[in-house]
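Worksheet for the structure shown next.
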Amino acid sequence: MVAAKETKPAEGSKAKYTPKKFIGNERRTISGKKILERARSQHSLTKEQKLKIKKRAVSRRSMVVKKPRFPRAYMTQQAKRKLQLRKKQCYKDHKRTIRASITPGTVLILLAGRHKGKRVVFLRALASGMLLVTGPFKYNGVPLRRVNQRYVIATQTHIKLAGVPIPKQVNDVFLKRQDLKTKKSVDKIFTEEEKKYTVSDDRKKFQKKVDTALIAAIKRSKKAGVMTAYLKSMFSLSKKDYPHEMVF
Amino acid sequence: MSEDKSKTPVVKRVRQKQPGRLYVKAVFTGFRRGLRNQHENTALLRIDGVNKAPETEFYMGKRCAFIYRAEKKKQLPRRQKPTKIRVIWGKVIKPHGRSGAVRAQFKRNLPASAMGHRIRVMLYPSRV
């Protein structure tokens with residue numbers, strides 16, 4: 001009389017089927033989503049279907065493996081867990097937003113770090129949410145670099161970046177800081193010489209590529225002379241400069 | 001000597017350009033207080049040029065620093081040379097009153113001897 005379900009094993013075999021009611025030695029947690037789904041599906045069942053399920057449960061009860069006499073761990077009372085309805089994202093999946101005032105070609109003022117006060121050109125937002133920026137290197141010594149948008153003031157000055165190639169290989173991994181300190185190793189008695197930072201050829205190549213195009217774009221812009229001088233100069237506050245009254 | 005020069009190009013030692021002031025000047029006027037009790041965890045700052053409460057909106061959340069000198073040199077992390085200059089970092093949390101004063105909380109409470117002295121209000125974290 002019992003209707004055969006796909007998962008039900010062939011008659012007589014006890015092997016594969018592991019009933020869900022068996023509480024083993026692992027802790028089982030049911031996600032909030034599943035609880036809600038189950039409640040919804042129960043709602044939609046007819047009387048016949050419910051009867052079927054009951055019968056199936058009865059037949060399956062005989063297949064339930066008996067619990068071992070002395071379980072390895074006694075299941076303590078499971079703490080009341082809140083229904084986890086929303087899936088929590090890990091940090092790398094978070095959405096990174098850039099301020100609306102920062103668009104490719106904007107001139108930014110760096111507020112902190114070794115290049116503080118310098119005016120640089122914003123190229124692209126990186127996947128980590130940091131900003132890819134370049135001096136150009138010839139103008140103010142700022143190379144292709146990552147910068148956090150919180151340490152930056154976006155000015156209203158723009159440079160049209162049409163025709164400036166921004167290589168895709170220049171990303172967070174490429175621009176990551178190199179760890180120069182040699183790791184302590186037990187076998188080495190003599191300490192190795194501290195590695196000095198050298199600029200890789202790749203970086204020089206990309207820098208040249210981007211900068212030549214960028215400088216050309218700057219020279220094409222209106223008031224090119226002013227723009228060049230602007231990027232070469234540094235920002236600073238003087239006596240009567242109040243940032244809350246300034247339009248950047 | 002001249003031979004060396006002809007072989008290796010003389011590298012011009014370009015002096016690194018120093019930026020000017022990148023912070024706003026402020027004065028530490030006192031701790032948050034009622035008439036007879038004071039709470040040292042919150043400092044009151046008066047920022048230069050800010051005279052009305054609506055003007056303080058720009059400075060909310062900005063980091064501020066109290067910089068002072070000590071007698072003994074100390075080695076700071078990530079810095080090469082030990083130095084006599086020390087900092088207490090903090091941030092601007094909310095406005096205080098109608099005339100542009102501002103409240104700030106520092107990592108360690110400011111010393112009372114700092115009252116009337118200079119505090120630097122940085123321009124970061126920037127929201128512009």
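- Annotation: the span from B:R127 atom CZ to A:I153 atom CD1 amounts to 11.5 Å, rounded to 0.5 Å.
- In terms of heavy-atom pairs under 4.5 angstrom with chain A, the leader among B:V24, B:I47, B:V128 is B:V128.
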**Message:** Could you go through A:Y242 and B:D48, starting from their C-alpha distance and side-chain angles, then the distance that decides it, and tell me whether this counts as side-chain contact (heavy atoms from CB on, under 4.5 Å)?
**Reply:** CA-CA 8 Å; A:Y242 304 125; B:D48 201 22; 4.1 Å; yes
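- Heavy-atom contacts from other residues, nucleotides or ligands closer than 6.0 Å to CD of B:Q80 number 12 or fewer.
- Heavy atoms of B:Y23 lying under 4.5 Å from chain A belong exclusively to its backbone.
- Summarising the local packing, NE2 of A:H43 is surrounded by 12 or fewer heavy atoms from other residues, nucleotides or ligands at distances under 6.0 Å.
- Contact record, A:G117 with B:P19: CA-CB, 4.3 Å, taken as the closest heavy-atom pair.
- Neither the backbone nor the side chain of A:T155 comes within contact range of chain B; no heavy atoms are under 4.5 Å apart.
- Of the listed residues (A:L237, A:I109, A:N148), the greatest number of heavy-atom pairs within a distance under 4.5 Å of chain B belongs to A:L237.
- Aromatic ring orientation, A:Y151 versus B:Y124: tilted (interplanar angle from 30° to 60°).
- To the nearest 0.5 Å, atom NE2 of residue A:H244 and atom NZ of residue B:K52 are 8.5 Å apart.
- Scored by the side chain to side chain contact (heavy atoms under 4.5 Å, CB included) test, A:R220 finds A:A216, A:A217 as partners (sequence neighbours excluded).
- In this structure the side chain of A:R150 never reaches within 4.5 angstrom of the side chain of B:S126, judged on heavy atoms.
- Distance check, rounded to the nearest 0.5 Å: CG of A:D241 to CZ of B:R21 gives 7.0 Å.
- In this structure, the separation between CG on B:L123 and NZ on A:K116 is 12.0 Å, given to the nearest 0.5 Å.
- Between B:G20 and A:S236, the shortest heavy-atom contact is CA-CB, 3.4 Å.
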